[in-house]
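What follows is one structure encoded as structure tokens, with my remarks underneath.
Because the structure is predicted, anything quoted here is derived from the model rather than measured.
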Amino acid sequence: MRSDLMKKGLTRVPHRGLFKAVGLTDEELAKPIVGIVNSQNDIIPGHVHLDSIAEAVKAGTLAHGGTPLVFPAIGVCDGIAMGHDGMRYSLVSREHIADSVEIMAMAHPFDALVFIPNCDKIIPGMIMAALRLNIPSIFVSGGPMLPTVKGGKKLTLSSAFEAVGEAAVGKISEKDLKDIEDAICPGCGSCAGMFTANSMNCMTEAVGLGLPGNGTVPAVSAARIRLAKLAGKLIMSLYEKNIRPRDIVTADSLFNSLSADMALGCSSNTVLHLLAIAHEAGIKMDLELINSISKATPHLVKLSPASPNTLADLDQAGGVQAVLKELAKIGRLKTDCITVTGKTVGENLKEAQNLDPELVRDKERAYSPDGGLAILWGNIAPDGAVVKKGAVLPEMMVHAGPARVFDQEEDCTEALLAGKIKPGDVIVIRYEGPKGGPGMREMLTPTATLAGSGLDKSVALITDGRFSGASRGASIGHISPEAAAGGLIGLIEEGDRISIDIPNNKLELLVDEKTIEERRKVFKPLVKPVPRGCLSRYRKMVTSANTGAILED
């Protein structure tokens, strides 16, 4: 046992004494020690209930011969951090979570780990840690929130952000706004749409690290507690068989996760995180590969913000496994990959059913023949940019217009609320990239304001920052290289024409090369001041978005 390093032999008398101080018996110390990484906190709705998940995992582990010990992980609520300096710390937390789990699991050599995430950066941070440590591991999330139903209409958190834009143009009253505020998040769980948290929980299931149901079983369901108990049981089986994360996360299983990503129309942030996960696994992945998988994978499911449907609806339709089964039928899935069930993907799918063919469509009835995400290239983004194509209105798939340039998100939001953005414009928000922000802020406020005011039908937004999975419209992020690294986005001037062609993967500044070269001669990237501490260190170490915004080795 790996844990023998801290508990076995004459020299470990003090160590055993310390374990007995927390209440462990000799019998418990003789068993495999299972670390339970619990990201519970009282801030994030998706995490407020995770102690109940941890207790269920402990019960499953104890019943099957393990000794569970819980330790914490931090978590940032992206919704609460949105629109102010707090969002600069969100992506940074991914690396911190990976490092902190590594620290805990190396300082205290556990025999296996159960990870309990639920939101945004916590999930990829934990996956990165699992791959780095490579000891038997399993993931069980806290599950998605239920939607609010108001006037017969399903609402999710994105509806609240969009209501701000509706109020700004007089579409709804202050009372309507307050009613939405009071009702929009009815209880615990990761926000109800296919936003980043639920996208990554679905990816965890698709890649094989999470049990069937991990991505979709609602937070308030008793089935979620049963799933956690099963995770506690199966971690002991993974330990006995020595099945480890790098046995599960392979080039083939990452292909599966990307295929599911495109079929589900997941958050554009999945590109950022899957690149970082592949890096930790030592597997080559780049934007060209991601785009090739998207081009060959039909878009089978539309959930909020692209439709009224939510994760709870997908769960009733058969969940992620139903989507994987449709992909397997058309040869877009590697079915021999091992998963945390101890079975292969194909064996798991024998029990899967598509219970709602209207929600989970087949290839013939797909929303589009290619995937929900697209990678764009051009002189603005020679190293690539990402758009959630499945949430773009048809009339905005091809667009050209004058640039409206802002050096930070707040200035853009102010202009939007003041009515200064006009139909046809292309908003440019720069110096929000990994280095420029620093921290690559999500910018749901401007995209939701555009949607709420109706401008998403005629205005595009491009940025070297990124977007929440709750964003919709022609919102193109991750532009690489970023402005702070000398990217062309930093040279764009007010009124320049910008051309967007999503079907043909093009993003171009329509300014002649001679003019661009003249601008480049006098260009000095803006350097935003940051306080000493993790943001300062992050700026020095972080790489470009097209490599996953990982830290330099």
Side-chain angles (χ1 to χ4, degrees), residues 32 34-73 75 112-120 122-123 126-127 130 136-147 185-192 197-198 200-206 208-239 310-322 339-343 348 351-353 355:
V34 178
I36 299 177
V37 192
N38 184 10
S39 57
Q40 191 279 336
N41 64 49
D42 292 342
I43 301 167
I44 311 176
H47 291 234
V48 70
H49 65 302
L50 293 188
D51 279 348
S52 64
I53 304 296
E55 287 301 315
V57 171
K58 286 170 69 176
T61 304
L62 285 165
H64 292 87
T67 297
L69 296 175
V70 180
F71 65 90
L113 292 169
V114 180
F115 291 87
I116 308 176
N118 212 30
C119 291
D120 296 280
I122 298 99
I123 305 158
M126 287 186 176
I127 295 174
S137 299
I138 193 169
F139 283 70
V140 57
S141 76
M145 186 185 291
L146 295 177
C185 295
C188 66
S190 47
C191 297
N198 290 322
M200 286 308 302
N201 280 326
C202 289
M203 293 301 93
T204 306
E205 181 177 339
L209 288 172
L211 292 167
N214 182 65
T216 60
V217 173
V220 295
S221 170
R224 176 60 58 178
I225 299 298
R226 295 196 297 272
L227 197 71
K229 288 181 179 178
L230 180 58
K233 171 187 176 181
L234 288 179
I235 192 59
M236 299 311 301
S237 176
L238 292 168
Y239 165 73
T310 68
L311 269 291
D313 298 306
L314 178 58
D315 187 61
Q316 292 180 3
V320 172
Q321 298 298 307
T339 73
V340 289
T341 64
K343 301 176 183 177
N348 290 339
E351 300 180 13
Q353 288 182 284
L355 301 174

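- Considering only heavy atoms from C-beta on, S137 stays 4.5 Å or farther from L238 through its side chain.
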Legend entry - Stepwise side-chain contact (heavy atoms from CB on, under 4.5 Å) check, L211 with V140: CA-CA 7 Å; L211 292 167; V140 57; 5.9 Å; no

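- Atoms CE and CD1, from M200 and I122 in turn, are 11.0 Å apart once rounded to the nearest 0.5 Å.
- R224 places no side-chain N or O within 3.5 Å of a backbone atom of A219 that could act as its donor or acceptor partner.
- For L209 against I127, the heavy-atom pair with the smallest separation is CD1-CG2, 3.9 Å.
- By the side chain to side chain contact (heavy atoms under 4.5 Å, CB included) test, P186 is found to be paired with M145, T148, residues two or more places apart in sequence or in another chain being considered.
- From S237, atom OG reaches atom NE2 of H64 across 9.5 Å, with rounding to the nearest 0.5 Å.
- For the ring pair (Phe, Tyr, Trp, His ring centres under 6.0 Å) test, no residue two or more places apart in sequence or in another chain qualifies with Y239.
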Inset, instruction - Might you work through the side-chain contact (heavy atoms from CB on, under 4.5 Å) test for V340 and L234, ending with a clear yes or no? - result: CA-CA 7 Å; V340 289; L234 288 179; 5.9 Å; no

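- With N214 contributing its side chain and S141 its backbone, the two residues share a donor-acceptor pair below 3.5 Å.
- With hydrogens and angles ignored, the 3.5 Å screen pairs no side-chain donor or acceptor of Q321 with any backbone N or O of P212.
- P218 and L146 make their closest contact through CB-CD2, 4.0 Å (heavy atoms, listed as atom of the first residue, atom of the second, distance).
- The side chain to side chain contact (heavy atoms under 4.5 Å, CB included) test applied to T339 returns T341, V345, N348, not counting sequence neighbours.
- T216 approaches P144 most closely through the heavy-atom pair O-CG, 3.4 Å.
- The side chain to side chain donor-acceptor pair (under 3.5 Å) contacts involving residues 41-54 comprise N38-D51, S39-H47, Q40-D42, where partners must be two or more places apart or lie in separate chains.
- A donor atom on one side chain and an acceptor atom on the other are found under 3.5 Å apart for D313 and T310.
- Listed by chain and residue number, nothing satisfies the salt bridge (charged side-chain N to carboxylate O under 4.0 Å, His left out) test with D315 (two or more places apart in sequence, or in another chain).
- Annotation: the span from M236 atom CE to I138 atom CD1 amounts to 12.0 Å, rounded to 0.5 Å.
- N198 and C191 get closest at one heavy-atom pair: ND2-O, 2.6 Å.
- I123 approaches A197 most closely through the heavy-atom pair CD1-O, 3.3 Å.
- Here the shortest heavy-atom pairing between V220 and C188 reads CG1-SG, 3.9 Å.
- One distance of note links CG of N201 with CG of L311; it measures 8.5 Å at 0.5 Å rounding.
- Using a 4.5 Å heavy-atom threshold, the side chains of V37 and F71 count as touching.
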Please tabulate, for the side chains in residues 225-233, all donor-acceptor contacts under 3.5 angstrom to protein atoms that are two or more places apart in sequence or on a different chain.
none

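- Looking at S190, its side chain does come within 3.5 Å of a backbone N or O of G143 through a donor-acceptor pair.
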